[in-house]
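Data block below; observations after.
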Amino acid sequence: MMPGMMQPQIILLKEGTDTSQGKAQLISNINACMALTDTVRTTLGPRGMDKLIHDDKGRVTISNDGATIMKLLDVVHPAAKTLVDVSLSQDAEVGDGTTTVVVLSGEFLREAKPYVEEGVHPRSIIKSYRQAATLAVAKVKELAVSLEGKSEAEKRDLLRKCAETSLNSKLVSGEKEFFADMVVTAVTRLDPATLDLKMIGMKKVTGGGLRDSFMVDGVAFKKTFSYAGFEQQPKSFKDPKILLLNIELELKSEKENAEIRLEDPAQYQSIVDAEWNIIYDKLAKCVDSGAQVVLSRLAIGDLATQYFADRGVFCAGRVAEEDLQRVAKATGARVQTTVNNLDTAVLGTCAAFEERQVGGERYNLFTGCPQARTATIVLRGGSEQFIDEAERSLHDAIMIVRRALKHAHVVPGGGAIDMEVSRALRDHARTIPGKAQLFMASYAKALESIPRQLCDNSGLDATDVLNKLRQKHALQDGSGKNFGVDVNNGGVCNTFESFVWEPALVKINAIQSATEAACLILSVDETVRNPASEAPDAAAMGAGRGGMGGRGGGGRGRGRGMRR
């Protein structure tokens, strides 16, 4: 017997630990990511389809936004989760281009798959991909057109074009001019230094049509819960003084276990009076300050409501924190935590305050604010899901306009920039000796997936259109570099002249994030799943769903398997 044969088997990991490794595991991860990409690829572009996602709680979401879809899909496969993270990071960083990022990551992996199967080491592919990404980003920067130094009117026009391009692919694309204008107006209201998104309020009121949506140059919020006496309060003011509080204005019932010993029943009345005097004192101070609109984050009770009504003052209690902050920013008021020594300096003002009926709701509107670094968009629409999607679409457009204001560089959209970068990389690949040439060429091919998908989603013949695009981009004089897919009429057009633009930042971030995600997945060659994180009844199932290639990682094991 050979001496080596006597050694017992070494057990390193706890029994039941599932390790899948090597090439098969890598291929399975790539397949899972490609399956996820195929889910969202049809939502790309102006003719993209929407996804209806129905979750366990019976909520229905209809969306076209890549990040929203990825969030709601509840992906369990550990490798495919990286794609979800990539789309979320694109959403946080740039706000739009979430579908683009997922499609690109999936395509990079699809192009790498045959090489992996043939036994190429993933590191060689990763190295070439990273080089290609650096070149691609440099090329995008070189092709970007700056909007700096343009006049206000021109700039506004350019921003509107960017917003329209973003809204093109959404459910609300029918009203894109109407909304693009609203978005640009809202963003230009913000403080140019910070462009803080929280300062744009979005309020949703079901009913009416999209056209009934309007923008308030200032703050609007839904009428808060109100007590008796509210009806007698004036509902509109010109140039009111506004007081913001963070205190309760109502009588508090004493604690049940409070004990007061009285010698004389007559003293009881004085104790009750003391309570009333305290609140009356507070109310008198509010009115004496000259405020005509009193808003508080905490409750304003019925006594106070009636008191204010008798003195022609409007009040609202339990105003949401963010709305209160926005009123403070817009009117110049400061939130007070006490009513003692109220100084006129802490009061805000605006040109007009009114309460107005919007659909089935009453809204409080503050307009013509002197400090107006804020705007509120009130969205109307037929159904709740529809308004939700309109809000997500506008969020994308707002982010795009914000980005374009901050980094005023745009590139032609409609797949034009992708084709141009793809061509540049192909030309570069020819100058590289060795295998790297193939990898870079396949990276270049992956970039063409964006215009190809735009064609597929528009029902055009992708092969035909791509051939035309390649011919345009290959022209030596560079006259065809702005040609992209013409989704409206079929064929190709100069997207720069058709004003289909996107901020260069969106593209750069998409290329970088997608490459990173693809490289990350290519660099994993083993997945270890620890049985300790499984529920006891899952141990038997664990054996069945060993290799996580099947059905996106075992559809049944949601929430038990790979979530740690």
Side-chain angles (χ1 to χ4, degrees), residues 49-55 57-65 68-69 72 163-164 166-187 189 197-227 230-231 233-236 293 295 314 316-324 326-327 330 350 352-369 374-398:
M49 308 301 266
D50 296 348
K51 302 284 176 214
L52 188 148
I53 300 167
H54 182 259
D55 61 14
K57 298 186 184 69
R59 281 192 303 251
V60 174
T61 311
I62 298 176
S63 181
N64 187 298
D65 179 52
T68 308
I69 296 168
L72 293 171
E164 278 182 28
S166 175
L167 289 171
N168 242 335
S169 62
K170 311 287 184 211
L171 260 179
V172 292
S173 58
E175 301 287 0
K176 65 178 183 199
E177 288 90 358
F178 174 67
F179 281 119
D181 213 39
M182 192 184 282
V183 164
V184 174
T185 311
V187 177
R189 283 279 173 278
L197 265 191
K198 290 197 196 76
M199 291 288 118
I200 296 184
M202 289 258 204
K203 302 291 170 193
K204 300 179 282 204
V205 186
T206 349
L210 275 177
R211 279 268 168 193
D212 297 333
S213 308
F214 58 92
M215 194 196 93
V216 180
D217 182 3
V219 188
F221 52 83
K222 197 152 80 181
K223 168 175 166 269
T224 54
F225 177 79
S226 54
Y227 289 90
F230 183 79
E231 289 315 314
Q233 293 185 349
K235 299 293 187 287
S236 70
V293 177
L295 303 180
F314 173 88
R318 300 202 180 106
V319 178
E321 173 68 32
E322 55 178 41
D323 289 331
L324 203 65
R326 293 207 349 263
V327 174
C350 62
F353 164 82
E354 61 165 333
E355 183 174 301
R356 170 160 138 208
Q357 189 81 20
V358 180
E361 310 281 3
R362 306 279 295 165
Y363 263 75
N364 297 334
L365 311 180
F366 296 83
T367 46
C369 304
T374 174
T376 310
I377 295 177
V378 181
L379 288 174
R380 308 293 311 277
S383 76
E384 215 166 295
Q385 285 95 341
F386 190 70
I387 300 188
D388 286 348
E389 177 58 10
E391 181 187 20
R392 281 190 289 270
S393 313
L394 288 191
H395 168 258
D396 280 10
I398 286 170

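Values below: every heavy atom of this structure, side chains too, minus hydrogens, waters and symmetry copies. These numbers come from a predicted model, not from an experiment.
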Got a list of side-chain donor-acceptor pairs under 3.5 Å for residues 359-366, not counting sequence neighbours?
unit_1: Arg362; atom_1: NE; unit_2: Glu355; atom_2: OE2; d: 3.0
unit_1: Arg362; atom_1: NH1; unit_2: Gln357; atom_2: OE1; d: 2.9
unit_1: Arg362; atom_1: NH2; unit_2: Glu355; atom_2: OE2; d: 3.2

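Looking only at side-chain heavy atoms (C-beta outward), Asn64 and Asp50 come within less than 4.5 Å of each other. A heavy-atom distance below 4.5 Å is found between the side chains of Phe221 and Val327. Taking 4.5 Å as the limit, every side-chain heavy atom of Asp396 sits out of range of all side-chain heavy atoms of Leu167. Counting heavy atoms from C-beta outward, Thr61 and Asp388 have side chains that stay 4.5 Å or more apart.
The two residues Gly382 and Thr206 have their closest heavy-atom pair at O-CG2, 3.7 Å.
Listed by chain and residue number, nothing satisfies the salt bridge (Lys or Arg N to Asp or Glu O under 4.0 Å) test with Glu177 (two or more places apart in sequence, or in another chain). Applying the side-chain contact (heavy atoms from CB on, under 4.5 Å) rule to Ala186 yields the partners Ile200, Met215, Ala375, Ile377; only residues at least two apart in sequence or on another chain are considered. Evaluation of the salt bridge (Lys or Arg N to Asp or Glu O under 4.0 Å) rule for Glu389 yields Arg392 as partners, not counting sequence neighbours. Under the side chain to side chain donor-acceptor pair (under 3.5 Å) criterion, Lys51 pairs with Thr42, not counting sequence neighbours. With sequence neighbours excluded, the residues that form a side-chain contact (heavy atoms from CB on, under 4.5 Å) with Leu324 are Leu244, Leu295, Arg297, Val319, Val335. In this view, Lys223 and Ser226 satisfy the side chain to side chain donor-acceptor pair (under 3.5 Å) rule, not counting sequence neighbours. Residues satisfying the salt bridge (Lys or Arg N to Asp or Glu O under 4.0 Å) criterion with Asp55, sequence neighbours excluded, are Arg59. Not counting sequence neighbours, the partners of Asp181 by the side-chain contact (heavy atoms from CB on, under 4.5 Å) test are Arg156, Arg160. Under the salt bridge (Lys or Arg N to Asp or Glu O under 4.0 Å) criterion, Asp323 pairs with Lys203, Arg326, not counting sequence neighbours. Evaluation of the side chain to side chain donor-acceptor pair (under 3.5 Å) rule for Thr68 yields Asp65 as partners, not counting sequence neighbours. For the side chain to side chain donor-acceptor pair (under 3.5 Å) test, no residue two or more places apart in sequence or in another chain qualifies with Glu322.
We find the CZ-CD distance between Phe179 and Glu164 to be 12.5 Å, quoted to the nearest 0.5 Å. Remark: Ile62 CD1 to Ile69 CD1 distance equals 11.5 Å, nearest 0.5 Å. Here CZ of Phe178 is found 5.5 Å from OG of Ser213. Values are rounded to the nearest 0.5 Å. Here CG of Asp217 is found 8.0 Å from OG1 of Thr367. Values are rounded to the nearest 0.5 Å.
In this structure a side-chain-to-backbone donor-acceptor pair under 3.5 Å is present from Thr376 to Gly218.
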Query - Verdict with reasoning, Met202 to Ile398, per side-chain contact (heavy atoms from CB on, under 4.5 Å) - result: CA-CA 11 Å; Met202 289 258 204; Ile398 286 170; 3.7 Å; yes
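Remark: of the listed residues Val358, Leu379, Ile387, Asp212, Val358 is the sole one forming a side chain to side chain contact (heavy atoms under 4.5 Å, CB included) with Val205.
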